[in-house]
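Notes for the one structure printed next.
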There are 2 protein chains.
Amino acid sequence: MDGYDKYAFEPFAVTVDLAVFTLRAGALHVLLVERGQEPYAGRWALPGGFVRPDEPAERAARRELGEETGLTDVSGLHLEQLRTYSEPDRDPRMRVVSVAFAALLPDAPEARGGSDAARARWTPYDSVRELAFDHGRILADARERVGAKLEYTCLATAFCPPEFTLGELRQVYETVWGTVLDRPNFRRKVLATPGFVEAVPGAARLTGGRGKPAALYRAGAATALHPPLLRPTPEGRPA
Amino acid sequence: MDGYDKYAFEPFAVTVDLAVFTLRAGALHVLLVERGQEPYAGRWALPGGFVRPDEPAERAARRELGEETGLTDVSGLHLEQLRTYSEPDRDPRMRVVSVAFAALLPDAPEARGGSDAARARWTPYDSVRELAFDHGRILADARERVGAKLEYTCLATAFCPPEFTLGELRQVYETVWGTVLDRPNFRRKVLATPGFVEAVPGAARLTGGRGKPAALYRAGAATALHPPLLRPTPEGRPA
DNA sequence: CCTTTAATAGTCGCAGTGACTATTAAAGGG
DNA sequence: CCCTTTAATAGTCACTGCGACTATTAAAGG
């Protein structure tokens, strides 16, 4: 950071790229936009855009999140910096350094094209193919991070509406991890973790279907999960 | 990432900043350089420098690491991206976006001034005061990250020489966490984790002092720690 | 040789959790 | 109105991992 004058430095363009996740129809979906121009015209990409001269990357990311999802209030949504991608050739036109973010949405409002994107669409994660630039790798990194953070944080509630049942919360884990969790054990674990969820007093109900109505909960104040809620080991890792 | 031409974008300078840690005399030390010019002339700062037009940030970080430590081979050292700091006013001269890295060194070769730093010095973490720019925050973030990663990765061996005793490994945890760990329990945990360490067959010894010589171990192939080795809860977190 | 120092070995009890079984409370069809 | 279906909720049991602790072993140094 010393001696700026002693070095010639190339100017970089700095962008943010967003991996925006939501759960829809029991599947993990990610928000993609279709590129209108070269390079990669017609290909799908992560939403994103340039960081403006007077804003930090975090604000740029939240601004883009609002533009791309069409949501009027994105202030409460979970947004977290992932890492920065800086390979010199990641954009064929110029040197672009991109700060990647992951965002989690409770439900999926229909996407609308942002001002700088031809079309925006929620896409099931498993059917994503061949994204533009290095966005495939960014998306994979984001997905892995989300899966890992479910283990030791209360992040799962970020996928849920303000009030939710334990069954819905369990489905978040099952969907993201691609596993099935034991219902009573999950319940025990969640309720035994102080601050993870808090019961909504008016013993309300909600189930759309037939069975016994479930109690409603809100996200609690806790942010970390000690001890963690580990995903079942599909072999490989020691238990 | 679409429509570059539709937007005016300011060019940014992109730098890397490094929080380089080592253990010395039973204390966590960090490598600092003294700034030679304004702003913050005479203040201590994290080593770092500009990313060159043809290199990714990771290579810039490793290059700086070699320059600042004076080590001839930094290829094996642990270097990991922390996050990116992009507040518009973090550098009073211009818009500088900095990708921060954390590096871990086994022992502390005496620092030498890099080409662009007046002086470089290993400083005990606890006596660091008032760094230039936002480096105080970067350093704090890096320290927290290192402490947290000791829990669920095999990172601790990055602080050790190629061959080390379990006592030395335990001291890594004790120093970084500022706690005392039970010797037998630590031993049991480490040896029970496959791939964490592997015994050096020639039951060599090494202790400098008086007691029974300890067996030597090398870092194993494992990278993650399942289940994790949690730091003692000094109250606050649920157990 | 005897003391000191630290590594190594082993024991006990509790908390957390995986795997299960049982019960309760509703919806919906006959 | 009853009876089946569905899902939430309650509870049991055994095993594992770990904190706390005690005992033993193997060297160094006077």
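This structure is a prediction, so every number in the text was calculated from the model and none was measured. Residue numbering restarts at 1 for every chain, and letters A, B, ... go by the order of the sequence lines.
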Between [atom2] of [N] and [atom1] of [X], the distance in whole Å:
X: A:Phe186; N: C:dG18; atom1: CZ; atom2: P; value: 12 Å
X: B:Lys212; N: C:dT8; atom1: NZ; atom2: P; value: 6 Å
X: B:Leu216; N: D:dA27; atom1: CG; atom2: P; value: 14 Å
X: B:Leu230; N: C:dG16; atom1: CG; atom2: P; value: 12 Å
X: B:Asn185; N: C:dT8; atom1: CG; atom2: C1'; value: 13 Å
X: B:Asp182; N: C:dC12; atom1: CG; atom2: C1'; value: 14 Å
X: B:His226; N: C:dG18; atom1: NE2; atom2: P; value: 13 Å
X: A:Arg187; N: C:dT24; atom1: CZ; atom2: C1'; value: 12 Å

Original post:
Does any donor atom in the side chain of A:Tyr85 or A:Asp17 lie under 3.5 Å from an acceptor atom in the other side chain?
Top reply: no

**OP:** Check whether any side-chain N or O of A:Lys189 sits under 4.0 Å from OP1 or OP2 of C:dT17, and answer yes or no.
**Re:**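 It does, given that an N or O in the side chain of A:Lys189 lies less than 4.0 Å from OP1 or OP2 of C:dT17.
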
Subject >> Test of ring centre spacing under 6.0 Å for B:Phe186 and B:Tyr173 >> reply: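 Yes, close enough.
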
**OP:** Could you please name the partner base of D:dG30, counting Watson-Crick and G-U wobble pairs only when both distances are under 3.5 Å?
**Re:** C:dC1

Subject >> Nucleotide forming a Watson-Crick or wobble pair with D:dG11, both distances under 3.5 Å >> reply: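 Result: C:dC20.
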
Original post:
For the side chain of B:Pro184, counting heavy atoms from C-beta on, which of C:dC20, C:dG10, C:dT17 is nearest?
Top reply: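 Of the options given, the side chain of B:Pro184 lies nearest C:dG10.
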
Subject >> Verdict with supporting geometry, B:Leu77 and B:Leu104, side chain to side chain contact (heavy atoms under 4.5 Å, CB included) >> reply: CA-CA 7 Å; B:Leu77 300 179; B:Leu104 269 47; over 6 Å; no

Original post:
Mapping B:Gly167 and B:Arg188 onto DNA chain C by nearest heavy atom, which one lands closer to the 5' end?
Top reply: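 Whichever sits nearer the 5' end wins; that is B:Gly167.
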
Subject >> Smallest separation among heavy atoms of A:Leu230 and B:His226, with atom names >> reply: CD2-CE1, 4.3 Å

